[in-house]
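Keep in mind that this is a model prediction, so the values were computed, not measured. Basis for what follows: all heavy atoms, side chains included, without hydrogens, waters or symmetry-related copies.
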Amino acid sequence: MKTFTLVIGACYGLISVILGAFGAHALKKVISVDKLASFETGVKYQMYSALFLLIVGYILKFETPSEKWISILMIAGTFIFSVSIYLLAFSEVAAIPSKAIGPITPLGGLLMIISWAMLIFYFVKNKI
């Protein structure tokens, strides 16, 4: 689980840099300013999660189920949150039904919040 967390964290970081550059240079002509701002939010949160996963990958030993869930929830939450925002950003251009995707974004955010809360509990419990 440790290696998986570190690899996913590095992948999320790589993808967020690529998408950030893509958004800054190529998307200005394709999507609206509001949609571009949403896209950038997805990129930022993906990078925050990448850093979270890299740090957690080094700190945690992944010996308990709760340590594993900290990682799993952040990985899943980030994927759901960021990918749904990316899809919403292109909803007008690619005829993606935003009514179907919109409600998914908060679910990803909730999983990320739970992961952060579990990490706080882990730190308090283990007095780190």
Evaluate the side-chain proximity of Val56 to Met74: yes if any heavy-atom separation is below 4.5 Å, no if none is. no

Can you pull out every side-chain hydrogen bond (donor to acceptor under 3.5 Å, both in side chains) where at least one residue sits in residues 65-75? Sequence neighbours excluded, please. Thr5-Ser71, Thr64-Ser66, Thr64-Glu67, Glu67-Tyr122

Holding to side chain to side chain contact (heavy atoms under 4.5 Å, CB included), I want the full list of residues that pass it with Lys2, two or more places apart in sequence or in another chain. Leu6, Phe62

Can you measure from CE (Met112) to CD1 (Ile75) and round to the nearest 0.5 angstrom? 12.0 Å

Atom pair OH (Tyr86) and OG1 (Thr41), whose distance is rounded to the nearest 0.5 Å: 10.0 Å

If we check side-chain contact (heavy atoms from CB on, under 4.5 Å) with Ile70, which of these qualifies: Leu53, Leu60, Ile114? Leu60

Is it the case that more than 12 heavy atoms not belonging to Phe52 sit under 6.0 Å from its CZ atom? yes

Under a single-linkage definition using a 4.5 Å side-chain heavy-atom cutoff for Ile, Leu, Val, Met, Phe, Trp and Tyr, are Tyr12 and Val7 assigned to the same hydrophobic cluster? no

Under a 4.5 Å side-chain heavy-atom rule over Ile, Leu, Val, Met, Phe, Trp and Tyr, are Leu36 and Val30 clustered together? yes

Of all heavy-atom pairs linking Gly9 and Ala50, the shortest is O-CB, 3.2 Å

Measuring from Ile80:CD1 to Ile85:CD1, what's the distance to the nearest 0.5 Å? 12.0 Å

I'd like to know if Leu110 and Phe79 are part of one continuous hydrophobic network [Ile/Leu/Val/Met/Phe/Trp/Tyr, side-chain heavy atoms within less than 4.5 Å]. yes

Dump the intermediate steps for side chain to side chain contact (heavy atoms under 4.5 Å, CB included) on Ile72 and Phe4, then the final yes or no. CA-CA 10 Å; Ile72 291 167; Phe4 181 72; over 6 Å; no

Contact summary for Gly42 and Ser82, nearest pair of heavy atoms: O-OG, 3.0 Å

For residues Ala10 and Leu54, report the shortest heavy-atom separation together with the two atoms involved. N-CD2, 3.8 Å

If I compare all heavy atoms of Phe39 with all of Leu19, which pair ends up nearest, and what's the gap? CE2-O, 3.3 Å

Same cluster (ILVMFWY, side-chain, under 4.5 Å), Leu119 and Tyr45: yes

Any donor and acceptor pair, going by atom type alone, linking the side chain of Thr78 with main-chain N or O of Gln46 inside 3.5 Å? no

Report the C-alpha separation of Lys35 and Leu27 in whole Å, then their side-chain angles, then the decisive distance to 0.1 Å, and conclude whether the side chain to side chain contact (heavy atoms under 4.5 Å, CB included) test is met. CA-CA 9 Å; Lys35 298 284 185 180; Leu27 291 183; over 6 Å; no

Enter the distance from Ser49:OG to Trp116:CH2 here, rounded to the nearest 0.5 Å. 8.0 Å

If we ignore hydrogens and angles and just use 3.5 Å, is the side chain of Ser84 paired with the main-chain N or O of Phe81 as donor and acceptor? yes

Measuring from atom CD1 of Ile8 to atom OG1 of Thr3, what distance do you get when rounded to the nearest 0.5 angstrom? 11.5 Å

How about Tyr58: does its OH atom have over 12 heavy atoms from other parts shown lying under 6.0 Å from it? no

Measuring from Phe121:CZ to Asn126:CG, what's the distance to the nearest 0.5 Å? 9.0 Å

Same apolar cluster (I L V M F W Y, side chains within < 4.5 Å links), Tyr48/Leu14: no

